[in-house]
Amino acid sequence: KGIKIGNDSYDASIIPTSLGGVAISSSDPFLFYLNGAIRATFTTDGKLNLPDSGEITLGAGNDLKLYHDASDSYILNQTGSLVIRNTQDDGDIIFQSDDSSGGVDTYMTINGGDHRTHFYKQTRHHDNIAAKFGASDDFSIYHDASAGASRIENNTGPIYITNNANDADIYFQSDNG
């Protein structure tokens, strides 16, 4: 009914399945060796562990790779677009990272429930990199490092500055110099 592989301290069975494949049965992690080294481990709780720089590759040309190089982790796409999609009704895509205090914090959420992108931390636009608004980049805000000036530019129509608060003012300030 199957092939038993093992020694005095480790036993595993390879069992034919009704679907024409085989199942490997063991109470210990299943290790794949190649050229004398462990290349992959299947744990008894359903995890696949690869050594550092071991890659999970997908596609006929290994176009998508997921790997860890002992220092950093990577998702590498080499063909077409990399699409991250959440199809859960009102579901979110949440970007989290270290908070520099030993914890984790949310930095950005793409909120499927209210059709907005929420930023929970400041964004930094480096010199000469503009925040642009409008389908044709009609409005932009940026710091022009070569001129030592910050700029607000509008390329179409008027600019309205509106304060909707009751009995409130709009102030423009300078350094008095």
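Values below: all heavy atoms of this structure, side chains included; hydrogens, waters and symmetry mates excluded.
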If you count every heavy atom of other residues, nucleotides or ligands that lies below 6.0 Å from [X] atom [atom1], does the total exceed 12?
X      : atom1 : result
Ile141 : CD1   : yes
Asp114 : CG    : yes
Leu82  : CG    : yes

Side-chain donor-acceptor pairs of residues 53-69 under 3.5 Å, sequence neighbours excluded:
residue, atom, partner, partner atom, Å
Thr57, OG1, Asn62, OD1, 3.2
Asp63, OD1, Thr79, OG1, 3.3
His68, ND1, Asp72, O, 3.1
His68, ND1, Ser73, OG, 2.9
His68, NE2, Ala70, N, 3.4
Asp69, OD1, Ser71, N, 2.9
Asp69, OD1, Asp72, N, 2.7
Asp69, OD2, Tyr74, OH, 3.4

How long is the gap from [atom1] on [X] to [atom2] on [Y], to the nearest 0.5 Å?
X      : Y      : atom1 : atom2 : result
Ser97  : Met108 : OG    : CE    : 12.0 Å
Thr41  : Lys47  : OG1   : NZ    : 12.5 Å
Asn128 : His126 : CG    : NE2   : 12.0 Å

Under 3.5 Å donor-acceptor pairs involving side-chain atoms of residues 129-140, not counting sequence neighbours:
none

Quick one, [X] and [Y] - any side-chain contact, counting heavy atoms below 4.5 Å?
X      : Y      : value
Thr123 : His125 : yes
Thr162 : Asn164 : yes
Thr43  : Asn49  : yes

- Carefully, step by step, assess Ile110 and Phe95 under the rule side-chain contact (heavy atoms from CB on, under 4.5 Å). CA-CA 8 Å; Ile110 300 171; Phe95 292 86; 3.9 Å; yes
- Treat each ILVMFWY residue as a node, draw an edge where side-chain heavy atoms are under 4.5 Å apart, and state whether Ile75 and Ile93 are in one component. no
- Query: Between Asn111 and Thr109, is a side chain to side chain donor-acceptor pair (under 3.5 Å) present by the stated rule, with each step listed?
  - Reply: CA-CA 6 Å; Asn111 188 312; Thr109 298; over 6 Å; no
- Task: Not counting sequence neighbours, which residues clear ring pair (Phe, Tyr, Trp, His ring centres under 6.0 Å) with Tyr120? List them please.
- Result: none
- Message: Under the criterion side-chain contact (heavy atoms from CB on, under 4.5 Å), I'd like the reasoning laid out for Leu50 against Leu48: C-alpha separation, chi angles, the key distance, then a yes or no.
- Response: CA-CA 7 Å; Leu50 300 177; Leu48 168 64; 4.3 Å; yes
For residues 165-173, please give each side-chain donor-acceptor pair under 3.5 Å, one per line with the distance, not counting sequence neighbours.
residue, atom, partner, partner atom, Å
Asp169, OD2, Tyr171, OH, 3.2

- Message: When you measure from the side chain of Asn77 to the backbone of Gly80, do you find a donor-acceptor pair of N or O atoms at a distance under 3.5 Å?
- Response: yes
- Item | Check: Ala145 main-chain N/O paired with Asp127 side-chain donor or acceptor under 3.5 Å |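 Such a contact is absent between Asp127 side chain and Ala145 backbone.
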- Message: Please give me the minimum heavy-atom distance between Asp99 and Tyr107, naming the atom from each residue.
- Response: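 Shortest heavy-atom contact: CA-OH, 3.8 Å.
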- Task: With sequence neighbours excluded, tell me which residues meet side-chain contact (heavy atoms from CB on, under 4.5 Å) with Val83.
- Result: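 In terms of side-chain contact (heavy atoms from CB on, under 4.5 Å), with neighbours along the sequence ignored, Val83 is linked to Ser81, Arg85.
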- Item | salt bridge (Lys or Arg N to Asp or Glu O under 4.0 Å) involving Arg151 - partner list, sequence neighbours excluded | Asp144
- Given Leu76 and Gln78, is the side-chain contact (heavy atoms from CB on, under 4.5 Å) satisfied, shown in steps? CA-CA 7 Å; Leu76 177 63; Gln78 297 176 312; 3.9 Å; yes
